Amino acid sequence: MIQLDKQYEPGEVEKRWGRFWEEKKFFHADETRKSPAFSIVIPPPNITGRLHIGHAFNNTLQDILARWKRMQGFNVLWQPGTDHAGIATQNVVERQLDKEGTTRQKLGREPFVERVWEWKEEFGGTINKQLQTLGCSLDWERDRFTMDEGLSKAVREVFVTLYEEGLIYKGDYIINWCPRCRTALSDLEVEHQEEQGHLYHLKYPFKESKDFLIIATTRPETMLGDTAVAVNPKDERYHQFKGATLVLPVLNREIPLIEDSYVDTTFGTGALKVTPAHDPNDFELGKRHQLETINIMHPDGAMNSLASPAYEGLDRFECRKKLVGDLKDSGVLVKIEDLSHSVGHCYRCRTVVEPYLSKQWFVKAKPLAEPAMQAVRDGSIKIVPKFWENTYFEWMENIRDWCISRQIWWGHQIPAWNCQACGEIIVVRETPDSCSACSSKNLIQETDVLDTWFSSALWPFSTLGWPEKTESLQCFYPTSVLCTGFDILFFWVARMIMMGIKFMGEVPFRDVYIHALIRDSEGQKMSKTKGNVIDPLEVMEQYGTDALRFTLAAFAAQGRDIKLAEDRIEGYRNFCNKLWNASRFVLMNLDDYKGSCILDEKANLSTADRWILSRLNRATKEVNESLEAFRFNDVALTIYKFIWNEYCDWYIELAKSKLSNPGPERVAVQNVLIHVLDSALKLLHPLMPFITEEIWQKLPQNGESIMVSAFPEFRESHLNEFVEKEMELVMEVITGVRNIRGEMNLNPGLKLNVLVKTQNDEIQKTLQGQSLYIKELARVEQLEVGPDIEKPNVSASSVLGGMDLIIPLEGIMDFQEERNRVEKELKKIEKDLIFLDKKLSNPNFVKKAPAEVIEKDEQRKASLSEKQVKLQIHLKTIEQALC
RNA sequence: GGGCGGGUAGCUCAGUUGGGAGAGCACCGGCCUUACAAGCCGGGGGUCACAGGUUCGAGCCCUGUUCCGCCUACCA
């Protein structure tokens with residue numbers, strides 16, 4: 001006899017089955033298998049990462065899909081791996097060095113990179129272990145890292161090919177520069193924030209006269225790099241100064257007044273200071289007018305010698321302060337206005353980003369973006385929910401070249417070599433030993449590394465062995481679904497599509513499922529600094545992994561953000577326990593059971609049996625359809641309701657009476673109980689893998705694991721609308737009796753006699769046939785059903801659809817309670833009748849609404865009227881008794 | 001500046017073709033009914049942000065307003 005504890009204890013169970021699945025290699029995907037493939041690549045978490053609620057959410061959804069498809073018989077690959085996370089990881093190790101009182105510069109490049117590898121070996125596996133704890137069925141044998149050998153080869157192949165095709169180029173441009181990380185950033189890596197700043201108005205005198213222009217700037221220190229002042233050619237205010245020369249204050253540099261239609265006449269004074277080396281617009285302007293570019297800053301954000309000795313060495317913000325003071329003293333500063341404007345910050349360290357002129361590598365984006373847009377347009381890739389397609393197109397249409405070089409050390413070093421003899425740039429797959437132009441052996445490799453997202457963009461095929469033509473690639477590319485948050489739609493998803501199409505000639509995935517992001521209960525982004533983090537590991541510890549996973553699935557509606565409420569987790573923990581106890585009940589009643597979980601189709605099934613089978617099939621249908629459409633919340637809700645509100649609340653209760661006597665009825669009920677439980681566990685398994693495995697292993701089945709058992713399929717033959725109607729009727733009577741009992745404060749233990757008066761033969765037959773259920777579940781002593789039942793004067797009564805429910809209460813009747821109850825109900829009926837009357841007396845409604853809608857309303861009106869009359873009569877007798 | 005998402009019960013959220021609004025938690029009343037008190041039974045609670053419009057009929061479709069959140073953008 002199998003015994004379960006009274007409460008489900010997840011801790012030990014989860015460890016046990018996690019190990020079991022691992023040992024049995026159930027997560028392993030075999031590319032030689034014949035069955036159709038289903039593949040997902042994990043959004044590779046950073047090796048610096050620790051499992052946060054976002055990971056838990058993202059990976060739970062993927063695991064649900066993987067487990068579901070696996071049970072459906074697909075050859076499932078869920079590809080694991082981690083990302084080297086260039087800047088983030090470098091920062092972590094740099095902080096470590098800082099504690100040791102040293103820096104990466106002191107250490108030198110190679111030893112530093114060595115140090116990062118050491119760090120990776122020691123701590124890089126954390127996130128994978130945590131994903132295992134979460135139950136993720138990733139194929140760990142295929143674990144990849146964006147810097148491992150194969151992926152590095154892919155990166156090199158892609159870089160060289162793009163360079164050869166002219167899609168990668170190097171040049172001097174204004175880029176976003178983080179002075180703290182001392183590297184370039186792509187446009188995406190800059191986070192803009194609206195901040196309260198100042199607009200400084202400065203006087204720039206003309207060389208030839210005493211006149212001056214007033215220009216406005218938010219970054220006064222950049223004036224040290226000014227090489228012109230620009231006005232709009234249409235701006236009549238400045239026509240008289242055409243061709244004039246100005247003298248830059250402080251430095252006394254002579255700079256020209258130029259005309260360019262870019263200048264907005266309505267902003268400030270309509271005169272714009274031009275700093276080509278420190279502003280992207282000014283840079284373009286400078287190119288158009290062949291202006292000199294003067295870079296006044298060191299890479300760390302301190303001013304250099306070109307900023308004049310007075311400011312050299314000062315940090316940009318100190319310089320601003322000092323300069324403003326000086327300008328004020330010298331009368332150059334006219335006024336300071338408050339101005340709120342958006343300021344860019346480094347997405348890794350929050351430092352204010354500086355537009356900075358430097359030599360960088362870029363990917364020409366337009367030619368790659370075009371086919372990537374086409375793929376979504378023609379449906380080769382489907383984005384779910386669809387509204388994200390707009391955002392995708394919006395960005396892709398305005399895409400700008402991608403700055404891919406980073407001045408850090410941790411990452412893929414750019415495969416380009418500079419010939420020290422002739423200046424040739426050599427970009428090749430294999431490290432060259434001499435210059436292709438002048439044969440010099442004096443070559444130095446480019447020191448920059450690639451943007452981390454460059455290697456991530458190749459993830460769907462690089463992980464499968466590309467550029468080799470591997471069997472894995474053949475089998476699993478294109479992948480089936482990509483599941484991710486919208487925060488990396490541009491960073492990652494769009495770039496994967498571009499690279500996938502370019503290098504594989506085929507989209508990287510068929511569906512992109514974009515889920516919401518998890519926020520705290522205030523709707524704020526969770527972050528350690530705010531202290532509003534829900535730690536999934538703690539939640540798993542406290543409530544169990546299955547409860548967490550189910551909660552996440554239940555919250556996964558297709559919106560934009562999720563405010564996670566902790567009490568919901570508790571609620572779903574209770575659901576685990578409910579399932580546990582239902583199973584406990586079933587197993588307790590299986591001592592003499594010789595059968596299996598397979599439904600005995602020949603058995604003589606009761607109405608309740610056929611009802612639960614019908615309901616099971618509806619649930620099965622819904623679960624499969626919802627999973628197909630990535631409606632995880634519907635999946636969760638459907639199973640929850642089925643297990644709790646139908647299987648537990650009704651079927652198990654209905655089953656009890658039939659279980660009490662040995663015989664064929666008991667066997668049949670045992671069979672249905674176990675069959676439905678088995679199916680429900682399977683439906684639930686993708687969401688709650690651990691508890692379902694634990695219970696399933698105790699059922700009379702001979703499979704190895706629920707995770708490789710067959711997922712339930714919809715069977716139309718098990719739908720039975722007639723039986724569902726019958727049971728609805730039975731439930732209505734039971735609920736009706738309970739309602740009266742509750743409302744009239746009758747002792748729950750008190751056995752009642754119940755009369756049901758009805759003219760309807762079907763109802764009579766059903767209630768008489770199912771009277772046992774009513775007696776058991778409503779605690780009824782005697783049930784009498786018929787057309788000519790006399791209603792005793794002292795009785796509570798309510799009118800249900802097509803029948804009157806009468807409960808004689810001689811001696812225990814509280815007339816006042818009954819009057820309140822009936823009056824309450826009459827009020828409701830009156831309200832409904834007024835509404836219906838209005839509707840049905842509207843000629844337009846009767847003329848235009850579909851016949852079935854009108855008929856439905858008319859029937860409702862008739863039955864409500866009948867109910868009203870009966871209740872009024874009943875109320876009268878109550879009132880008489882009260883007098 | 002442009003775009004997107006949201007405003008539904010006290011709280012957190014569902015609501016897939018338009019036919020009188022649902023769940024969980026919280027609340028009220030009653031129960032240790034031998035699977036489960038992390039439970040069972042019953043109950044109360046909503047002008048579906050606001051204003052128009054389309055329609056016989058709108059939480060759902062259209063227009064406008066407003067509040068919250070996000071993305072995007074070269075007005076110094």
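Chain A is the first sequence line, chain B the second, and so forth, proteins listed ahead of strands; every chain is numbered from 1. No experiment lies behind these values; they were computed from the predicted model shown.
A:P850 comes within contact range of at least one nucleobase, with a heavy-atom separation under 4.0 Å. Residue A:K6 is in sugar-phosphate contact alone, with no base atom involved, counting any heavy-atom pair closer than 4.0 Å across all strands shown. Within the 4.0 angstrom heavy-atom criterion, base atoms lie near A:I652. As judged by a 4.0 angstrom heavy-atom cut-off over every strand, A:C648 is placed among the base-contacting residues. Among the atoms of the strands shown, base atoms are found under 4.0 Å from some heavy atom of A:K578. At a threshold of 4.0 angstrom between heavy atoms, the contacts of A:Y262 include nucleobase atoms, whether or not backbone atoms are also involved. Residue A:A216 is in base contact, counting any heavy-atom pair closer than 4.0 Å across all strands shown. Residue contacts for A:T735: at a heavy-atom cut-off of 4.0 Å it reaches the sugar-phosphate backbone alone, with no base atom in range. Note on A:K656: a base of the nucleic acid sits closer than 4.0 angstrom, heavy atoms only. Within 4.0 Å of A:R219, counting heavy atoms only, lies no atom of the nucleic acid at all. Within the 4.0 angstrom heavy-atom criterion, no nucleotide atom of any strand lies near A:V586. Residue contacts shown for A:D649 are limited to sugar-phosphate atoms, with no base heavy atom under 4.0 Å away. No contact: A:L746 has no heavy atom under 4.0 Å from any strand. Nucleic acid contact for A:Q7: base, since at least one base atom lies under 4.0 Å from a heavy atom of the residue.
In this entry the distance linking NZ of A:K838 with P of B:C56 reads 16 Å, nearest Å. Per the geometry, CZ belonging to A:F575 stands 18 Å off P belonging to B:A38, to the nearest Å. The separation between A:I834 atom CD1 and B:G20 atom P is 18 Å, rounded to whole Å. As a whole-Å value, the separation of A:R741 CZ from B:G42 P is 11 Å. Per the geometry, NE2 belonging to A:H201 stands 12 Å off P belonging to B:A76, to the nearest Å.
Between the C1' atoms of B:A14 and B:G22, the separation comes to 7 Å (whole Å). Using P as the reference atom, B:A38 and B:C27 are 14 Å apart when rounded to the nearest Å. Separation of the P atoms belonging to B:A9 and B:G45 is 15 Å when rounded to the nearest angstrom. B:U33 sits 49 Å from B:G69 when the C1' atoms are compared, rounded to a whole Å. When the P atom is used for both B:C48 and B:C56, the distance is 22 Å, rounded to whole Å. Between B:C61 and B:A23, the two P atoms lie 23 Å apart (nearest whole Å). Between B:A51 and B:U16, the distance separating the two C1' atoms is 28 Å to the nearest Å. Taking the C1' atom of each, B:C60 and B:A21 are spaced 12 Å apart, rounded to whole Å.
Taking only side-chain atoms of A:L637, from C-beta outward, the nucleotide of B:A23, B:C41, B:U16 with the closest atom is B:A23. Residue A:R779 places its side chain closer to B:U33 than to any other of B:U33, B:A76, B:A35. Residue A:D832 has its side chain nearest to B:G20 when only B:G20, B:G43, B:A14 are considered. In this structure, the nucleotide among B:A35, B:G20, B:A14 sitting nearest to the side chain of A:R584 is B:A35. Across B:A23, B:G15, B:G20, the shortest atom-to-atom separation from the side chain of A:L836 is found for B:G20. Distances were taken from every side-chain heavy atom of A:F835 (C-beta onward) to each of B:C56, B:G20, B:A14; the shortest belongs to B:G20. Comparing atom distances between the A:P748 side chain and each of B:G30, B:C71, B:C74 picks out B:G30 as nearest. Comparing atom distances between the A:R400 side chain and each of B:G24, B:A73, B:A35 picks out B:A73 as nearest. Checking B:C25, B:C70, B:A38 against the side-chain heavy atoms of A:F486 singles out B:C70 as nearest. Side chain of A:L272, nearest nucleotide from B:G42, B:A35, B:A76: B:A76.
Side-chain nitrogen and oxygen atoms of A:N574 include at least one within less than 4.0 Å of the OP1 or OP2 phosphate oxygen of B:G39. The shortest distance between the side-chain N/O atoms of A:N739 and the OP1/OP2 oxygens of B:G43 is below 4.0 Å. Remark: A:W644 is in phosphate contact with B:C40, judged by side-chain N or O atoms under 4.0 Å from OP1 or OP2.
There is no side-chain donor-acceptor pair under 3.5 Å between A:T391 and A:E394. Side-chain polar atoms of A:N176 and A:Y356 form no donor-acceptor pair below 3.5 angstrom. Side-chain contact, A:S340 with A:E194: a donor N or O sits under 3.5 Å from an acceptor N or O.
Using cut-offs of 30° and 60° for the angle between ring planes, the A:F575 and A:F550 rings count as tilted. Ring pair A:Y647/A:Y651 is parallel by interplanar angle, where below 30° counts as parallel and above 60° as perpendicular.
Within a 6.0 Å radius of CD in A:E541, other residues, nucleotides and ligands contribute 12 heavy atoms or fewer.
By the 5.5 Å and 30° criteria, A:F387 is not stacked with the base of B:G5.
A salt bridge is defined here as a Lys NZ or Arg NE, NH1 or NH2 lying under 4.0 Å from an Asp or Glu carboxylate O, and A:E622 with A:K641 fails to meet this definition. Look at A:D5 and A:R584 and you find no salt bridge, because none of the NZ, NE, NH1 or NH2 atoms lies under 4.0 Å from a carboxylate O. One finds a salt bridge joining A:R320 and A:E221 here, because a Lys/Arg side-chain nitrogen approaches an Asp/Glu carboxylate oxygen to under 4.0 Å. With respect to the salt-bridge test (charged N to carboxylate O, under 4.0 angstrom), the residues A:K335 and A:E337 qualify.
Pairing for B:G42 is with B:C28, a Watson-Crick or G-U wobble pair whose two hydrogen-bonding atom distances lie under 3.5 Å. Across every strand in view, B:A23 sits in a pair with B:U12 that passes the Watson-Crick or G-U test at under 3.5 angstrom. Across all strands shown, B:A51 pairs with B:U63; the Watson-Crick or G-U wobble distances both stay below 3.5 Å. Remark: B:G1 base-pairs with B:U72. Criterion, Watson-Crick or G-U wobble with two distances under 3.5 Å. When both pairing distances are held under 3.5 Å, B:G18 makes no Watson-Crick or G-U pair with any nucleotide shown.
For A:E653 against B:A35, a side-chain N or O and a base N or O form a donor-acceptor pair under 3.5 Å. Interface remark: the A:R860 side chain does form a donor-acceptor pair with the B:G20 base, using a distance-only criterion of under 3.5 Å.
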